[in-house]
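A, B, ... follow the sequence lines: proteins, then strands. Residue 1 opens every chain. Keep in mind the model is a prediction, meaning the values are calculated, not measured.
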Protein chains: 2
Amino acid sequence: MKRSSRLSLALHALVHLHKQPDEAITSSTLAQCLMTNPVVVRRVLGTLREAGLVASTRGHDGGWRLLRPAGEINLRQVYAAMGESLLIRTESDPGDIACGIVRTVNAVMGDFLADAEALLAARLERVSLDDIAREATPNPLHPHHGNHHHG
Amino acid sequence: MKRSSRLSLALHALVHLHKQPDEAITSSTLAQCLMTNPVVVRRVLGTLREAGLVASTRGHDGGWRLLRPAGEINLRQVYAAMGESLLIRTESDPGDIACGIVRTVNAVMGDFLADAEALLAARLERVSLDDIAREATPNPLHPHHGNHHHG
DNA sequence: TTTCATGTAACTTTTATTGTTACATTATTA
DNA sequence: TAATAATGTAACAATAAAAGTTACATGAAA
C-alpha cells in the first residue's frame with residue numbers, strides 16, 4: 001500500500017467486516033485483504049472502535065466485528081471518525097502571519113474550507129456502507145457500470 | 001515556510017502584485033514577503049504564467065506583473081492553474097485493485113470526489129483576487145471582522 | 001498454562017514537498 | 001561590448017508526513 005489513505009483503508013475494512021458478519025476477522029486476515037500490515041489495521045480500526053462503529057475482542061477467536069447494520073453506517077461517520085479532512089490545508093506556518101496579506105489569505109481560505117467541509121459532510125452522509133457493499137457484489141439485474149450514487 | 005501550500009503562496013504573491021501594479025516585483029522581493037526562496041517563487045509564478053495570469057520579464061528591472069485586473073481573476077482560475085486538488089486522494093496503489101472491494105471503494109470515492117471537486121470549483125469561482133485584496137486593507141467603513149464571502 | 005489475539009510504543013522506511021545551490025539565458029544600461 | 005540584473009531550470013539536500021515494521025505487554029479462551 002502506497003498512496004492509499006486511512007479513509008479508504010477504513011472503508012475497505014468495513015466492507016469486509018460487513019460481508020462476513022458471522023465471525024470476527026483478525027487484523028492479520030484483514031491486513032492481507034488490504035495489502036498492508038496488521039498494526040496498520042489495528043490503528044485504523046482502533047479509531048473506528050472509538051467512534052462506536054466496530055468492536056474488537058482479544059484472545060482466541062478474537063478479531064473485529066461491525067457493531068451496526070451497514071445501512072446505518074454512512075461515510076460521514078467514517079470520515080468523521082478518522083478525523084481526516086477531505087480538504088487540503090492551506091495555512092502557512094505561524095511565523096508567517098506577521099504579514100497582513102497572509103492573515104487575510106488564510107482567513108479567506110479558512111472560511112471557504114469550513115464551508116466546503118460542511119458541504120462535503122452533507123453529501124457523505126447520503127452514502128451508506130451498504131451502498132458500497134452492494135456495488136461490490138453487483139446484482140445481476142444491475143451490472144456494475146459506473147451508475148453510482150449521483151443525484 | 002513549512003505547512004503552506006503552493007496555492008496559498010500563489011494567492012499571497014498575486015495580492016502583492018496587485019497592490020504594486022506600477023513596477024515589476026522580483027522573485028527575491030516576493031520571496032522575502034512570502035518568507036520563502038526565490039526559486040520557489042519562480043516555480044509557483046511560473047505555473048501562473050502558463051495560465052496567463054502573470055507575466056515575467058528578465059533582465060534589468062525585470063520581475064513579475066499581474067496580467068489582468070484583480071476583479072477578473074478568481075480563485076478557481078488560480079486553483080486550476082496550480083493543478084492542485086483541494087481534495088485528498090483516496091486511491092490505493094495499482095497493486096491493490098485486484099480486489100473487487102478496493103475497486104468499488106475507489107470507484108465510489110472517485111465519483112464522490114469528482115462531484116465535490118466541481119462543487120468546490122463553482123464556489124471558488126465566486127471569490128476574486130480583488131475580494132481578498134480589499135480585505136487585506138480594510139475599508140474604515142467595514143472593519144475587518146470575519147464577514148467574508150459567505151452566502 | 002498455553003495459545004492466539006489485540007494494544008501500543010518505538011523505530012525505520014518511504015514519499016512528497018520544500019528549500020538550496022549552481023549556472024545558463026536574456027535583457028538592459030553604461 | 002562589457003557589466004549588471006533579472007528569470008529559467010536542473011540537480012540535489014533537507015524536512016515533514018505517512019506508512020510500514022518490530023517487539024513486547026495485555027487479555028481471553030481452550
Side-chain angles (χ1 to χ4, degrees), chain A residues 1-10 12-13 17 20 23-50 54-65 67 82-96, chain B residues 1-10 12-13 17 20 23-50 54-65 67 82-96:
Chain A
M1 198 195 57
K2 297 284 171 52
R3 297 183 49 240
S4 171
S5 75
R6 301 191 317 157
L7 182 54
S8 62
L9 262 194
H12 188 178
L17 293 180
Q20 185 169 324
E23 46 182 327
I25 309 181
T26 70
S27 305
S28 296
T29 301
L30 282 169
Q32 286 182 313
C33 299
L34 313 201
M35 294 185 70
T36 183
N37 192 285
V39 175
V40 174
V41 171
R42 283 178 214 140
R43 286 206 277 242
V44 168
L45 291 190
T47 70
L48 294 183
R49 182 187 50 218
E50 290 170 18
V54 302
S56 63
T57 55
R58 301 191 189 195
H60 208 87
D61 288 333
W64 301 88
R65 291 170 182 279
L67 272 188
M82 298 308 293
E84 275 189 5
S85 176
L86 282 175
L87 296 160
I88 61 168
R89 298 217 176 74
T90 61
E91 288 160 13
S92 49
D93 71 353
D96 241 4
Chain B
M1 195 196 59
K2 296 283 172 53
R3 296 182 51 238
S4 173
S5 74
R6 301 190 314 157
L7 182 53
S8 63
L9 262 193
H12 188 177
L17 293 180
Q20 185 167 327
E23 47 184 325
I25 309 182
T26 69
S27 305
S28 296
T29 301
L30 282 169
Q32 288 182 312
C33 299
L34 314 202
M35 295 186 68
T36 183
N37 193 285
V39 176
V40 172
V41 172
R42 284 178 211 140
R43 287 207 278 243
V44 167
L45 291 190
T47 71
L48 293 183
R49 181 187 51 219
E50 290 170 18
V54 301
S56 63
T57 54
R58 300 192 189 194
H60 209 88
D61 287 333
W64 301 87
R65 291 171 183 278
L67 272 187
M82 298 307 295
E84 274 191 6
S85 176
L86 282 175
L87 296 160
I88 63 169
R89 296 218 176 73
T90 62
E91 286 160 15
S92 48
D93 71 354
D96 241 5

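- Every residue was checked against the side-chain contact (heavy atoms from CB on, under 4.5 Å) condition with B/D61, not counting sequence neighbours, and none meets it.
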Original post:
Can you give one letter per nucleotide of nucleotides 3-14 of chain D, going 5' to 3': B for a protein heavy atom under 4.0 Å from the base, S for sugar-phosphate only, - for none?
Top reply: --BBBBB-B---
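- Distance CG (A/L30) to P (D/dG20): 14 Å, rounded to an integer number of Å.
- Distances shorter than 4.0 Å separate some side-chain N or O of B/T36 from OP1 or OP2 on C/dG19.
- Looking at residues two or more places apart in sequence or on another chain, you find no side-chain contact (heavy atoms from CB on, under 4.5 Å) involving B/R58.
- Applying the side-chain hydrogen bond (donor to acceptor under 3.5 Å, both in side chains) criterion to A/R49, with sequence neighbours excluded, gives A/S56.
- Protein atom CG of A/L7 is 13 Å distant from nucleotide atom P of D/dA18, rounded to whole Å.
- In this structure, A/N37 atom CG and C/dT13 atom P are separated by 15 Å, rounded to whole Å.
- In this structure, A/Q20 places its CD atom where more than 12 heavy-atom neighbours from other residues, nucleotides or ligands lie under 6.0 Å away.
- A search for side-chain contact (heavy atoms from CB on, under 4.5 Å) contacts involving B/A10 returns B/V44, B/L48, B/V78, B/M82, not counting sequence neighbours.
- In this structure, the salt bridge (charged side-chain N to carboxylate O under 4.0 Å, His left out) partners of B/E84, at least two apart in sequence or on a different chain, are B/R6.
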